[in-house]
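The structure appears below as structure tokens.
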Amino acid sequence: VMDGVRFIFERAAYDGLSGDGLMGELVGVSMSEETASACGEVWQECGAAAVQALKDRSLGGTKVLTSVNWDLLVRVADGSTAENRNPVGVLQLSLKNDEQEEQLSMEMSHEKLSQIFLNMETIQEQLDALQ
């Protein structure tokens, strides 16, 4: 029974239904009007909190970024190779899933850092377009 109720409310959240809309859908699939009305009332009262909880929930298996740190490293060379210094950026990401937290460090040249920045800009534009 609980799995069935959870499924009904998750579908209402994903479909963006109001309490009356949920009631109408349930009556349309042969649920008694009294039970459908009760579900619609509960959804009207608690639906916004349920939608927010689903938005905050991880999609499963993926890690969530919790913090970002960075360093700039310049390798020191001897006199003969002083002009060949190649600075690198080190990006340190803290990632967490439900059970554990891990650190990921990436060393990148200026070119790779620029490339990742452009990709992040594209992602940000797409997220902004959805809001």
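Counting from 1, the numbers follow the sequence of the chain as shown. Please read all numbers here as calculations on a predicted model, not as lab measurements.
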Look only at the side chain of Thr66 and the backbone of Ser94, and say whether a donor-acceptor pair between them is shorter than 3.5 Å. yes

Atom CD of Glu10 and atom CZ of Arg6: how far apart are they, to the nearest 0.5 Å? 5.0 Å

Check whether any side-chain heavy atom of Thr122 lies under 4.5 Å from a side-chain heavy atom of Gln126, and answer yes or no. yes

Side-chain heavy-atom pair Leu91, Val68 within 4.5 angstrom cut-off: yes

Residues Lys96, Lys63; criterion side chain to side chain contact (heavy atoms under 4.5 Å, CB included); working and verdict: CA-CA 5 Å; Lys96 185 176 183 180; Lys63 296 177 179 156; over 6 Å; no

If only side-chain N and O atoms count, and only distance matters, is there a donor-acceptor pair under 3.5 Å linking Asn119 with Gln115? no

Please tell me if the side chains of Met106 and Val90 come closer than 4.5 Å, counting only heavy atoms from C-beta onward. no

To the nearest 0.5 Å, atom CZ of Phe9 lies from atom SG of Cys39 at 5.0 Å

Tell me, with the steps shown, if Gln44 and Val42 meet side chain to side chain contact (heavy atoms under 4.5 Å, CB included). CA-CA 5 Å; Gln44 191 67 40; Val42 168; over 6 Å; no

Between Met108 and Ile116, does a side chain to side chain contact (heavy atoms under 4.5 Å, CB included) hold up when you go through it step by step? CA-CA 9 Å; Met108 292 177 269; Ile116 202 169; 4.2 Å; yes

Looking only at heavy atoms, what is the nearest atom pair of Val51 and Ala13, with distance? CG2-CB, 3.8 Å

Taking distance alone, no hydrogens or angles, what donor-acceptor pairs closer than 3.5 Å link side-chain atoms of residues 21-36 to residues at least two apart or in another chain?
| from | atom 1 | to | atom 2 | distance (Å) |
| --- | --- | --- | --- | --- |
| Ser32 | OG | Thr35 | N | 3.2 |
| Ser32 | OG | Thr35 | OG1 | 2.8 |

For Leu17, is there any backbone N or O sitting under 3.5 Å from a side-chain donor or acceptor partner on Trp43? yes

As a quick check of understanding, evaluate side chain to side chain contact (heavy atoms under 4.5 Å, CB included) for Gln103 and Leu93, giving each step before the final call. CA-CA 6 Å; Gln103 303 294 319; Leu93 308 176; over 6 Å; no

Is there a path of hydrophobic side-chain contacts, each under 4.5 Å between heavy atoms, that joins Leu65 and Leu104? yes

With a sphere of 6.0 Å drawn around OH of Tyr14, does it hold more than 12 non-hydrogen atoms of other residues, nucleotides or ligands? yes

